[in-house]
*Asks:* 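Handing you this structure, nothing more for now.
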Amino acid sequence: MRIRFSSLLFALLVCAAPFVAITGCKSLPPSKPSSEWTPEEARGAAVFQQACAKCHYPTSTHGLHGPGLQAITKVRAMPSGAPPTDERLSAVILHGHGTMPGTALDDQQMRDLLAYLHSL
Ligand code: HEC
């Protein structure tokens, strides 16, 4: 019994380690429900549907064509290793990254989209 418990504990630690390394010891906070969106976040969600949804899941960390974006602004590092600052996010969105194409957005659309990304 003692052996089985410790190997279970070991398995738990091994499984949790990569997750802890990515999120910094915290589990991902849940996305804000759409019923609580501000007008800005709601407009950003519409921009996301048009420009991003075909390649990214907003409420999952599972990949589609690109990585899932749940809690993307709350992680320490994005898949590329860069921190998810608004500056970095805007640059990735406008100019693309790797196989991701850039998207032309005006300032208002970018502000709304960033507000939405922060709610994920
Ligand atoms: C045609 C598919 C496609 C579209 C459209 C797209 N992306 Fe991506 N995105 C990708 C791929 C593929 C990657 C991984 C790129 C890489 O690092 O090689 C990626 C990566 C990212 C990353 C992670 C960047 C990093 O530094 O790790 C973010 C954030 C992101 N996309 C946000 C967005 C947002 C917001 C939109 C909408 C404006 C969008 N993407 C539109 C395919 C797409």
*Asks:* To the closest 0.5 Å, what do you measure between OG (Ser90) and NE2 (His95)?
*Replies:* 9.0 Å

*Asks:* Sequence neighbours left out, what passes side-chain contact (heavy atoms from CB on, under 4.5 Å) with Ala53? Give chain and number order.
*Replies:* Phe48, Gln49

*Asks:* Counting N and O atoms only, with roles assigned by atom type, does the side chain of Glu41 sit under 3.5 Å from a partner on the main chain of Thr38, one being a donor and the other an acceptor?
*Replies:* yes

*Asks:* Taking the side chain as every heavy atom from C-beta outward, state whether Met78 and Leu89 have any pair of such atoms under 4.5 Å apart.
*Replies:* yes

*Asks:* Restricting to non-hydrogen atoms, name the atom on Ala42 and the atom on Trp37 that form the minimum distance, rounded to 0.1 Å.
*Replies:* CA-CE3, 3.9 Å

*Asks:* May I have the step-by-step check of side chain to side chain contact (heavy atoms under 4.5 Å, CB included) for His97 and Ser80, ending in yes or no?
*Replies:* CA-CA 9 Å; His97 184 265; Ser80 66; 3.7 Å; yes

*Asks:* Judged by atom type as modelled, is there a donor-acceptor pair below 3.5 Å linking the side chain of His56 to the main-chain atoms of Pro67?
*Replies:* yes

*Asks:* Do Pro29 and Lys74 touch side chain to side chain, with heavy atoms closer than 4.5 Å?
*Replies:* yes

*Asks:* For residues 101-120, dump all side-chain donor-acceptor pairs below 3.5 Å to protein atoms at least two apart in sequence or in another chain.
*Replies:*
residue: Asp106; atom: OD1; partner: Gln108; partner atom: N; Å: 3.2
residue: Asp106; atom: OD1; partner: Gln109; partner atom: N; Å: 2.8
residue: Gln108; atom: OE1; partner: Arg111; partner atom: NH2; Å: 3.4
residue: Gln108; atom: NE2; partner: Asp112; partner atom: OD1; Å: 3.1
residue: Gln108; atom: NE2; partner: Asp112; partner atom: OD2; Å: 3.4
residue: Gln109; atom: OE1; partner: Asp106; partner atom: N; Å: 2.9
residue: Asp112; atom: OD1; partner: Arg43; partner atom: NH2; Å: 3.2
residue: Asp112; atom: OD2; partner: Arg43; partner atom: NE; Å: 2.9
residue: His118; atom: NE2; partner: Asp86; partner atom: OD1; Å: 2.8
residue: Ser119; atom: OG; partner: Tyr116; partner atom: O; Å: 2.7

*Asks:* From His62 NE2 over to Gln70 CD, what is the distance, rounded to the nearest 0.5 angstrom?
*Replies:* 9.5 Å

*Asks:* Does Glu40 have any salt bridge (charged side-chain N to carboxylate O under 4.0 Å, His left out) partners at least two apart in sequence or in another chain, and if so, which?
*Replies:* none

*Asks:* Would you say Val92 ends up clustered with Ile72 if hydrophobic residues are merged whenever their side chains have heavy atoms under 4.5 Å apart, either directly or through other cluster members?
*Replies:* no

